[in-house]
Amino acid sequence: MAYVYQVSFDIRPDQMSELEIGASLERVLGYLRTLLPAEVGFVTSRAMYSVDIPETTHLVFQSIWESWGDLDGHRQSSLAEDKVLTEFKPHVALKDLSVHVYEEIP
């Protein structure tokens, strides 16, 4: 059974350039995508943003883990997405940063 660690936050539409190659937010997400595969129990990750709300852009980063123990270890590590995003402080304000944990339905 898989477990999902999801971090989400909003940015303004005029900050979308921060997701372009080389921009600060793109670099932080790229950093996570590069280092997470070395973590025990890591399965995959994905980053996405909303396209249906013109007033704001909602970004979501999900990492998927093989077991609860693997996910719990990740949550305690310095590579937890919310810790990395907060520590590196991209050039955009991460409005309403939230973290959710999901268990896959078999």
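- Between atom OH of residue Tyr3 and atom CD of residue Glu66 there is a gap of 12.0 Å, rounded to the nearest 0.5 Å.
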Please tabulate, for side-chain N and O atoms in residues 28-38, each donor-acceptor pair with protein atoms closer than 3.5 Å (sequence neighbours left out).
unit_1	atom_1	unit_2	atom_2	d
Thr34	OG1	Gly30	O	2.9

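- Side-chain heavy atoms closer than 4.5 Å link hydrophobic residues (I, L, V, M, F, W, Y) into clusters, and following such links, possibly through other members, connects Tyr5 to Trp68.
- Going from atom CD of Glu81 over to atom CZ of Arg75 covers 11.0 Å, rounded to the nearest 0.5 Å.
- One finds the OG atom of Ser98 at 6.0 Å from the NE2 atom of His58 (value rounded to the nearest 0.5 Å).
- Val51 and Leu25 fall within a single hydrophobic cluster, where Ile, Leu, Val, Met, Phe, Trp and Tyr are joined by side-chain heavy atoms under 4.5 Å apart, directly or via other members.
- Note: the hydrophobic cluster containing Val60 does not contain Val4 (ILVMFWY, side chain heavy atoms under 4.5 Å, direct or indirect links).
- Considering every non-hydrogen atom in both Pro13 and Pro54, the closest pair reads CG-O, 3.2 Å.
- Of all heavy-atom pairs spanning Lys83 and Ser78, the tightest one is CB-O, 4.2 Å.
- Summarising the geometry of Trp65 relative to Asp70, their closest heavy-atom pair is CE3-O, 4.2 Å, with the distance given to 0.1 Å.
- Within the structure, the salt bridge (charged side-chain N to carboxylate O under 4.0 Å, His left out) test picks out the following pairs touching residues 11-30 (sequence neighbours left out): Arg12-Asp14.
- Hydrophobic cluster membership differs between Met48 and Met16, with clusters built from Ile, Leu, Val, Met, Phe, Trp and Tyr side chains linked at under 4.5 angstrom.
- Asp82 is listed as a side-chain neighbour of Leu97, based on a closest heavy-atom distance under 4.5 Å.
- Surrounding OH of Tyr102 are more than 12 heavy atoms belonging to other residues, nucleotides or ligands, all under 6.0 Å away.
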For Leu19 and Leu59: C-alpha separation, side-chain torsions, deciding distance, then whether side chain to side chain contact (heavy atoms under 4.5 Å, CB included) applies. CA-CA 10 Å; Leu19 291 174; Leu59 277 83; 3.6 Å; yes
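- Atom CD of Gln62 sits about 5.0 Å away from atom CZ of Arg46, to the nearest 0.5 Å.
- Atom NE2 in His74 sits 11.5 Å away from atom CD1 in Ile64 (nearest 0.5 Å).
- Within the model, atoms CZ of Phe61 and OG of Ser8 stand 12.5 Å from one another, a figure rounded to the nearest 0.5 Å.
- Within the 3.5 Å criterion, the main-chain N or O of Leu79 finds a donor-acceptor partner in the side chain of Ser77.
- Ser50 and Thr57 share no side-chain donor-acceptor pair at under 3.5 Å.
- The two residues Ser17 and Ala23 come nearest to each other via the heavy atoms O-CB, 3.4 Å.
- Of all non-hydrogen atoms in Ile11 and Thr56, the two that sit nearest each other are O-OG1, 3.1 Å.
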